[in-house]
Amino acid sequence: MGMFERDRQVFADAEPLDDSYEPEDVRERDEELEKYQRALQPIIDNRPTSNIFLYGKTGTGKTVATKYMLSHLENSAVGYDDVDLSTVWVSCENLSSSYQVAVALVNELRKNQNKDRISTTGYSQQRVFDLLYEELDALGGTVVIVLDEIDNIGHSDDILYGLPRARSNGYVDTVRPVIVGISNDFKFRDNLSPKVKDTLAEKEILFPPYDANQLRSILEPRAEKAFHDGVLTDDVVPLCAAFAAQDTGSARQAIRLLREAGELTQAKDSETVTEENVRDAQDELEKNQLYQGMQELTTQGHAVLCALAYHQALDEVPVRSRDLYERYLTVCDRLDADSVSERRVRDHLSDMHMLGLISVNERNEGLSAGRYHEYELDIPLKTVLDVLNSTSRFEELSDIIKSTADDNNLLQSGISDY
DNA sequence: AGTCCACTGGAAAGTGGGGGAG
DNA sequence: CTCCCCCACTTTCCAGTGGACT
């Protein structure tokens, strides 16, 4: 036998645990689906159809429900000669403005006709909108436009103003656009300009987080398919459901947890997935998320993190922003990198706080020292240094910080499994 | 009750880079 | 080449903020 022996297989078919898996039925969302169907019904009846907005945190079934409804809608539409329906789906995950969404829509519409894609930069916004109307008009009939994770566009909501009014403004005349907006962020709706809000959120459907029982019911059929018989001990699915329910109520989280637990089990070449595997999987996933968050920071972000790590290594935490900024300047100096303003560093710090990398404490000492924030790492110093060490430009500095921390005996702080 | 410290964080304007059109 | 577009990241400016102090 060579170095690569085949592991004992716990998975029968891992696909039901994949993020992209589409179950044939949507569980635990009966009420929402019914509302959804009522909202889409006018399309089949050839009546004017309202735009629809779905709200709810990630992993609450919005996307799955939409895929499900659309495929049923398309199937039904085929049965009626006078219903001319098309659908376009754009995920706005990496799109940060209306402009980019419009470009993505144009390209999605062109893809179906083998036309050339347009560039993501260079045109004026109006030019892209014109192209979009052109494509839509060429399609005709009712076009359901799904904008998934639309909250990513932030305040730049021009497209949400333009699209629903395209017809009444005379930009298109043969097509009836119906917009389905999907948002992970509740605040997104409130921050929309009032004129957009009226037209867009005509029909709203809320997707609340799942509780542990619902998650269990979602997991069970998938677990059944994904794993060989007898591989899962009884507590595994309920535990995954419980962890996810406690944290976010996200089905995606629960499913990932179950998959990770299976993968850990398989890697260990053991026969059954146990409660312990689930706990390990939970740690592993959390760790990966932090790791990834750190790696994706910009150079400036890394420099700020590096400065904070230095303070941590010197046991000078929590640090107030003034002192941290000074250290940050010396870090930039060492790296021969440009430094940014204090204001900008505060933004980087608040980003890292969002990611869960650092903790912030607000202090107020009135007349004597005023009001300020204090920062410290929220994750083990060693983890930060590992990431910095694997980031170009930071190798040398992270070594220096590491030895500083060693001198202060700050690296073996009990959390050695990171 | 009012002062004041030392920031905090919102807003707006600037910068440079990627790209189209003529 | 020139002029225009958009965007990520940044700087500049500054009106709050809120607890300790008088």
Side-chain angles (χ1 to χ4, degrees), chain A residues 90-107 110 115-135 147 149-163 185 187-188 190-193 293-308 311 316-329 331-333 335-355 357-376 391 393:
Chain A
V90 166
S91 164
C92 307
E93 194 182 347
N94 297 308
L95 311 175
S96 58
S97 68
S98 279
Y99 180 91
Q100 291 171 1
V101 171
V103 170
L105 273 171
V106 170
N107 284 333
R110 289 191 164 201
K115 286 213 244 167
D116 288 338
R117 299 173 61 85
I118 61 170
S119 157
T120 55
T121 53
Y123 307 101
S124 70
Q125 175 161 295
Q126 196 50 56
R127 180 92 186 80
V128 179
F129 280 17
D130 288 345
L131 285 170
L132 175 56
Y133 296 144
E134 217 173 273
E135 295 296 337
L147 303 174
E149 305 195 38
I150 185 66
D151 44 311
N152 265 358
I153 67 167
H155 293 280
S156 132
D157 55 11
D158 301 2
I159 193 160
L160 299 180
Y161 182 72
L163 263 184
D185 183 0
K187 277 174 284 174
F188 178 71
D190 302 334
N191 291 339
L192 287 172
S193 32
M294 260 192 286
Q295 273 168 339
E296 282 169 1
L297 295 174
T298 61
T299 305
Q300 286 301 332
H302 282 135
V304 175
L305 186 62
C306 187
L308 183 54
H311 275 283
E316 296 171 354
V317 283
V319 218
R320 61 190 301 168
S321 46
R322 184 171 59 190
D323 300 336
L324 182 64
Y325 185 66
E326 260 173 56
R327 172 90 45 202
Y328 157 80
L329 289 177
V331 165
C332 288
D333 198 41
L335 292 169
D336 211 13
D338 292 334
S339 57
V340 297
S341 64
E342 222 171 322
R343 176 70 187 83
R344 187 65 189 129
V345 167
R346 278 206 296 278
D347 279 343
H348 282 299
L349 285 168
S350 111
D351 287 349
M352 288 192 262
H353 182 230
M354 292 282 211
L355 286 170
L357 300 175
I358 67 179
S359 60
V360 185
N361 186 18
E362 192 183 317
R363 302 256 292 164
N364 193 334
E365 290 174 48
L367 264 181
S368 54
R371 195 164 156 266
Y372 55 91
H373 284 177
E374 284 179 335
Y375 302 91
E376 71 186 300
T391 310
R393 297 177 84 166

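A pairwise comparison of heavy atoms in A:Arg393 and A:Leu335 identifies O-CD2, 2.8 Å as the closest pair. Closest approach of A:Gln300 to A:Asp338, counting heavy atoms only: NE2-O, 2.9 Å. Nearest heavy-atom pair, A:Gln100 versus A:Asn94, reported as atom, atom and distance to 0.1 Å: OE1-O, 4.0 Å. Between A:Leu95 and A:Asn152, the shortest heavy-atom contact is O-CB, 3.4 Å.
Remark: A:Arg320, A:Ser321, A:Arg322 in residues 318-327 of chain A come within less than 4.0 Å of DNA chain B through at least one heavy atom.
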For A:Asp130 and A:Arg127: C-alpha separation, side-chain torsions, deciding distance, then whether salt bridge (Lys or Arg N to Asp or Glu O under 4.0 Å) applies.
CA-CA 5 Å; A:Asp130 288 345; A:Arg127 180 92 186 80; 5.5 Å; no
So A:Asp323 and A:Arg327, salt bridge (Lys or Arg N to Asp or Glu O under 4.0 Å) or not? Walk me through it.
CA-CA 6 Å; A:Asp323 300 336; A:Arg327 172 90 45 202; over 6 Å; no
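Taking atom CD on A:Gln126 and atom P on C:dC6, their separation rounds to 10 Å, with Å as the unit. Put simply, CD on A:Glu374 is 15 Å from P on B:dA6, counting in whole angstrom units. A:Asn94 has its CG atom 14 Å from the C1' atom of C:dA8, to the nearest Å. Regarding A:Leu349, its CG atom lies at a distance of 13 Å from the C1' atom of B:dG9, rounded to whole Å. Spacing between atom CG of A:Asn361 and atom P of B:dC7 amounts to 15 Å, rounded to whole angstrom units. For the pair A:Tyr372 OH and B:dT8 P, the computed distance is 10 Å after rounding to whole Å. The separation between A:Arg344 atom CZ and B:dT8 atom P is 15 Å, rounded to whole Å. Put simply, CE on A:Met354 is 10 Å from P on B:dG9, counting in whole angstrom units.
Judged by distance alone, with hydrogens and angles left aside, the side-chain atoms of A:Ser339 form no donor-acceptor pair with the main-chain N or O of A:Cys332 at under 3.5 Å. The main-chain N or O of A:Arg346 is never found under 3.5 Å from a side-chain atom of A:Tyr325 such that the two would form a donor-acceptor pair.
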Contact letters for nucleotides 13-22 of chain C, in which S counts primed atoms plus P, OP1 and OP2 and B counts the base, heavy atoms under 4.0 Å:
---BBBBBB-
Go along nucleotides 12-22 of chain B 5' to 3' and tag each nucleotide: B for a protein heavy atom under 4.0 Å from its base, S when only backbone or sugar atoms are that close, - otherwise.
------BBSS-
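Counting heavy atoms from C-beta outward, A:Leu105 and A:Leu163 have side chains that approach closer than 4.5 Å.
The phosphate of C:dC9 (OP1 or OP2) has no side-chain N or O of A:His348 nearer than 4.0 angstrom.
The salt bridge (Lys or Arg N to Asp or Glu O under 4.0 Å) test with A:Glu374 singles out one residue from A:Arg320, A:Arg322, A:Arg363, and that residue is A:Arg363.
Residue A:Gln125 places its side chain closer to C:dC6 than to any other of C:dT11, C:dC6, C:dC7.
If you take OH on A:Tyr99 and OG1 on A:Thr121, they are separated by 6.0 Å, rounding to the nearest 0.5 Å.
Within the 4.0 angstrom heavy-atom criterion, only backbone atoms of the sugar-phosphate kind lie near A:Ser97; the bases stay farther away. A:Thr299 comes within contact range of no nucleotide atom at all, as no heavy-atom separation falls under 4.0 Å.
Residues A:Tyr328 and A:Glu342 bring no donor and acceptor atom of their side chains to less than 3.5 Å of each other.
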